[in-house]
Amino acid sequence: MQIKTGDNLTALQHRVLILGVGNILLRDEGIGVHIAQQLNKYDLPDNVEVIDAGTAGLDILLSQEGLYKLVVIDAVKAGNEPGTIYKTRLNVWQPQAQLGDGLRTAIAKTFGFDAATLTGQSQISLHQISLLDALAAAEKMDCLPEEIVIIGVEPGEVDLGLELTERIARSVPEVIEQVLEEI
């Protein structure tokens with residue numbers, strides 16, 4: 001790694017990872033990837049990295065070190081109107097033994113369902129490894145970012161197709177605005 005000084009050093013100390021996850025083969029399920037692709041066209045600060053992570057997105061979190069903030073963008077099926085945008089900030093400064101319950105409660109409250117449903121194999125995203133599992137693993141590996149923001153979009157159609165539905169496509173500018181507020 002190149003040694004940086006001054007403002008660049010501060011930027012490295014406050015490294016932000018924007019992780020767009022989803023399966024672009026399943027229409028609205030690919031919202032996170034579509035957002036990441038659009039964000040990669042922006043002139044972002046040096047401390048911000050945008051990764052189009054596909055369905056392996058949360059696995060990538062485990063390979064990252066020195067993150068200050070993680071912003072995850074994904075389809076979140078919580079049973080609300082398609083295009084509903086969810087945003088939550090997770091408190092990772094809780095004692096380690098309480099982190100899992102704190103994450104479950106924060107996510108359930110934001111997405112409008114009972115925290116008790118987020119145990120065992122339950123998943124927040126539509127991917128094989130749940131967000132809670134990835135964050136719990138990152139915590140055990142001592143690579144949990146100081147700040148975690150989850151931005152979810154309620155999908156309309158999760159069928160074969162490469163394009164977002166019109167309703168979900170209309171939410172893209174607002175989601176991008178939400179992400180940019182975090183950097």
Side-chain angles (χ1 to χ4, degrees), residues 1-78 82-90 92 106-107 110-111 124-127 129 131 134-135 138 143-158 161-183:
M1 171 182 251
Q2 182 179 359
I3 297 177
K4 306 267 184 170
T5 59
D7 290 338
N8 288 333
L9 182 58
T10 302
L12 286 176
Q13 292 171 339
H14 289 95
R15 204 168 131 236
V16 177
L17 175 63
I18 300 170
L19 202 57
V21 296
N23 186 339
I24 62 167
L25 300 177
L26 296 175
R27 296 197 62 134
D28 295 343
E29 214 296 300
I31 183 72
V33 171
H34 286 281
I35 298 291
Q37 290 171 348
Q38 292 219 10
L39 286 168
N40 275 320
K41 297 175 186 175
Y42 283 68
D43 184 23
L44 299 172
D46 290 344
N47 65 315
V48 177
E49 180 178 8
V50 178
I51 297 179
D52 160 359
T55 57
L58 298 173
D59 297 327
I60 290 173
L61 169 62
L62 301 179
S63 69
Q64 300 293 313
E65 291 184 29
L67 286 181
Y68 174 75
K69 182 185 275 189
L70 170 68
V71 179
V72 177
I73 310 147
D74 197 2
V76 174
K77 192 140 182 78
T84 301
I85 298 172
Y86 310 99
K87 183 176 180 180
T88 192
R89 221 171 272 292
L90 303 179
V92 298
I107 292 170
T110 297
F111 301 146
I124 303 306
S125 74
L126 301 174
H127 311 293
I129 181 169
L131 175 59
L135 293 174
C143 64
L144 202 61
E146 291 183 35
E147 292 184 37
I148 300 169
V149 177
I150 303 169
I151 300 174
V153 180
E154 184 79 40
E157 293 181 29
V158 182
L162 296 174
E163 301 297 321
L164 297 173
T165 59
E166 186 177 325
R167 179 181 249 172
I168 303 309
R170 285 193 306 260
S171 69
V172 168
E174 185 178 344
V175 175
I176 288 174
E177 184 178 313
Q178 294 285 326
V179 172
L180 293 176
E181 288 176 3
E182 296 300 327
I183 58 177

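In this text, all values refer to a predicted model and were calculated from it rather than measured experimentally. Position 1 is the first residue of the sequence, and the numbers go up from there.
Glu147 CD to Arg89 CZ: the interatomic distance, rounded to the nearest 0.5 Å, is 6.5 Å. In this structure, Ile73 CD1 and Ile176 CD1 are separated by 8.5 Å, a value rounded to the nearest 0.5 Å. Rounding to the nearest 0.5 Å gives a distance of 4.5 Å between CD1 of Ile51 and CG of Leu17. Between Ile31 atom CD1 and Ile24 atom CD1 the span is 12.5 Å, to the nearest 0.5 Å. To the nearest 0.5 Å, the span separating CG on Leu67 from CG on Asn47 amounts to 11.0 Å. Going from atom CD of Glu163 over to atom CZ of Arg27 covers 8.0 Å, rounded to the nearest 0.5 Å.
Side-chain contact check for Ile150 versus Asp74: every heavy-atom pair is 4.5 Å or farther apart.
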Passes side chain to side chain contact (heavy atoms under 4.5 Å, CB included), Val50 versus Val179? Steps please. CA-CA 11 Å; Val50 178; Val179 172; over 6 Å; no

Test side chain to side chain contact (heavy atoms under 4.5 Å, CB included) on Val33 and Val21 and set out the steps. CA-CA 5 Å; Val33 171; Val21 296; 5.8 Å; no

Just list the side-chain donor-acceptor pairs under 3.5 Å for residues 35-44, sequence neighbours left out, or say none.
unit_1	atom_1	unit_2	atom_2	d
Gln37	NE2	Asp52	OD2	3.2
Asn40	ND2	Ala36	O	3.3

Review item, side-chain donor-acceptor pairs of residues 168-175, under 3.5 Å, at least two apart:
unit_1	atom_1	unit_2	atom_2	d
Arg170	NH1	Glu166	OE2	3.2
Ser171	OG	Ile168	O	2.6

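Taking both residues in full, the closest heavy atoms of Ala78 and Tyr86 are given as CB-OH, 3.6 Å, listed atom of the first, atom of the second, then distance.
Within the 3.5 Å criterion, the main-chain N or O of Ala75 finds no donor-acceptor partner in the side chain of Asp28. Between the side chain of Glu29 and the backbone N or O of Val158, no donor-acceptor pair lies under 3.5 Å.
Comment: Glu154 does not engage Arg167 in a salt bridge, judged by the lack of any side-chain N to carboxylate O separation of less than 4.0 angstrom.
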